[in-house]
Amino acid sequence: MTTAPLLGQPAAASPHAPRRGRGGLLAVCTLAVGTVAVLGGVLAVRVDQFLGAGIAATALIAFLAAQLMVQRRQRRLMGALHDSQAAFRTLVKSSVDPVVILDRALRIRFASQSAADLLGLDATRLVGNLLTRSVHPDDAPTLIGALTGHPSVTSDLAVRTARVRHADGRWRLIQATVRDLRADPDVGALVLYCRDVTSRAPAPGVDAELLELSLTDPVTGLPNRAALVRRLGTVQREAAGRPFALALIGLSGLDADVVTPDIEATALRAITARLTRGLRGEDWLARGKDGDFVVLVDGTVADAEIVAARLVGAVGPLSTSTGTLLLTAAAGVIGLAPDVDTGEAFRRGDVALRSAQAAGPGSVHRYDEARRIAQDRRTALAADLDGALERGELRLNFQPVVDVAMNRTVSVEALLRWRHPQFGEVSPTEFVPLAEESPLITDIGRWVLREACATVAALDDDELGVAVNVSARQVRSGELVPDVVAALEDSGLPASRLIVEITESVLLDDSHVIEDLTVLRQLGVRIAVDDFGTGWSSLAYLVGMPVDVLKMDQYFLANVEHDPARRAMCRAVLQLGASLGLPIVVEGVTTPAVLELLRDMGHRYLQGYVFSRPLEAEQLAAGAWRTAAVAS
């Protein structure tokens, strides 16, 4: 991948000769004075031979001294220029990638020999030529527009791809990481770090621009997850015994409630620049899911650990227009084997990454090590979960659901949290499955119902509802109805303000489950299907079922701004709900752009960090839920 010089370090551009300073001006003045003195001395001979001779001798000495000073300064200038050029050549030769330097007119000022080799040319033949003469006519307008734009603080790094003619007449697809140093008075040039990506060029008849967009992350310009999957498939088919590995780099510090989308985009581009400088020549950087970075390492797992450690170390505090972001990273690494498919490789990489993140910033874990650590952690959590309720380690958070049409919070979802005395905050995705493997989940579910109803009933509001997730095991136990009735009676919360959330698969269980849900509806309790669209949902299953609300899983929002298929699914879910007369609650709305997109589609009930982070019980009691709708 590309390797660019460190920010703040001398840029890889043609060195300029040192400027003339006061010493040069003094030498010139001395020379002028000496010349005048010599002329004066000659004229003075007629007046006073002896005095004139003395003045002439003095002037001659001054003249010779000035000449000596000029010669010494010229030698120093030439020496400094020679050293600068030598340093420049060393820097360019040490760069892993081919380097091309362009002036403001996009004329090639310098090309490394490796850049010339990329096109089968001699480096001296490239210097002085316009870059656009070698670029495919269809790619030239876009490339020129991108390279001739005004330099800005966000243009330190950009990735551009274009077809360039090889000496043999064929077109090569060249990807360049561009550093815009035109504003630097010592450089005044564009520095391109190039690599040949022809192997993933589109097939004949395929729209190259559309394909490039579909395989490119719009923020960083890096290959996206789709491109990574394709690359992994190619590697596993054609590696022929060569070792390859994956390194997953997870960032922390870009929380949606702290960082605006513009600042996040700027930060991601800056982090991309840092990561690309830490790669070796054959390593391949891409974007993964959830904003992570993925490196395809040409080498063993040990090589991947070295690369990952270097990249994790490159992530750190980042200055932005609104202040300093304290960014950290961790990494998980795995070796790629021919018998492990792409999906399994990603799953193992996620296991290694989660293990590293749990260990703290800067950690790098292999999959094998992570699996052992995860198993040990799972065993410890399973043992400690029994008794966590009695020890007061479990608590509830509350996530607001906002009606964007009325601009108000209509309900809150109760979310179970566990603060472990040793491991700290443990994710529900980690401990809830452990609880569901034992009868303990029923006791915990009963406590959540009572606690959620009591907390919301104590608020100074007669309309706010509360949604409680109920496990399949608790529903199947036959104790759900008496548990709900007891929670409502003890708290005094009206049944109409309680929403019981179940998973789709519960609707397919025994008939008594449907009967219990029907009884709850008769009491006034509303029933919601959680994570709708990820399981067995269809019109056939939903028609006639005791359901009042559908909650659309946040899976549908992944890249919804740029993926037409995702947008179509969001509209389809809304239309399905409308056809059944059921309101849709969209989960996982994190950015204003997605908020506006969903609002424009007609979605009314939304939930996510764009409105509020989950609220502690104390924050809920203080009325923080009322301000959640302000974001809409």
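Worth saying up front: this structure is predicted, and the values here are computed from it rather than measured. These values consider heavy atoms only, across backbone and side chains, with no hydrogens, waters or symmetry-generated copies.
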Q: Check the pair I527 / V549 against side-chain contact (heavy atoms from CB on, under 4.5 Å), numbers first and verdict last.
A: CA-CA 6 Å; I527 308 298; V549 179; over 6 Å; no

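- Looking only at atom types and distance, the side chain of Q619 has no donor-acceptor partner in the side chain of N397 under 3.5 Å away.
- Taking each heavy atom of A286 and N224 in turn, the nearest pair found is CB-O, 4.4 Å.
- A salt bridge is defined here as a Lys NZ or Arg NE, NH1 or NH2 lying under 4.0 Å from an Asp or Glu carboxylate O, and E616 with R395 meets this definition.
- Looking only at side-chain heavy atoms (C-beta outward), L574 and M552 stay at 4.5 Å or farther from each other.
- Taking 4.0 Å as the cut-off between side-chain N and carboxylate O, R372 and D376 count as a salt-bridged pair.
- The pair D443-R446 counts as a salt bridge, with a side-chain nitrogen and a carboxylate oxygen less than 4.0 angstrom apart.
- By the 4.5 Å heavy-atom criterion applied to side chains, L598 and V594 are counted as neighbours.
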Q | Steps toward side-chain contact (heavy atoms from CB on, under 4.5 Å) verdict (L394, V448) | A | CA-CA 9 Å; L394 300 181; V448 171; over 6 Å; no

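- Atom CZ of R626 sits about 8.5 Å away from atom CG of L464, to the nearest 0.5 Å.
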What pairs of donor and acceptor atoms, side-chain ones from residues 351-361 against any protein atom, are under 3.5 angstrom apart with sequence neighbours left out?
from, atom 1, to, atom 2, distance (Å)
S355, OG, H365, ND1, 2.7

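- Within the 4.5 Å cutoff, no side-chain heavy atoms of E587 are placed close to those of F556.
- Screening L222, V295, L228 for a side chain to side chain contact (heavy atoms under 4.5 Å, CB included) involving W284 leaves a single residue, L228.
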Q.
Applying side-chain contact (heavy atoms from CB on, under 4.5 Å) to F611 and Q607, what does each step give before you reach the verdict?
A. CA-CA 7 Å; F611 301 109; Q607 177 182 6; 5.8 Å; no

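- Applying the salt bridge (charged side-chain N to carboxylate O under 4.0 Å, His left out) rule to pairs touching residues 485-503 yields E501-K551, sequence neighbours excluded.
- Annotation: ring pair (Phe, Tyr, Trp, His ring centres under 6.0 Å) contacts involving residues 429-448, sequence neighbours excluded, comprise W418-F431.
- The pair D548-R526 does not meet the salt-bridge criterion, since no charged nitrogen lies less than 4.0 angstrom from a carboxylate oxygen.
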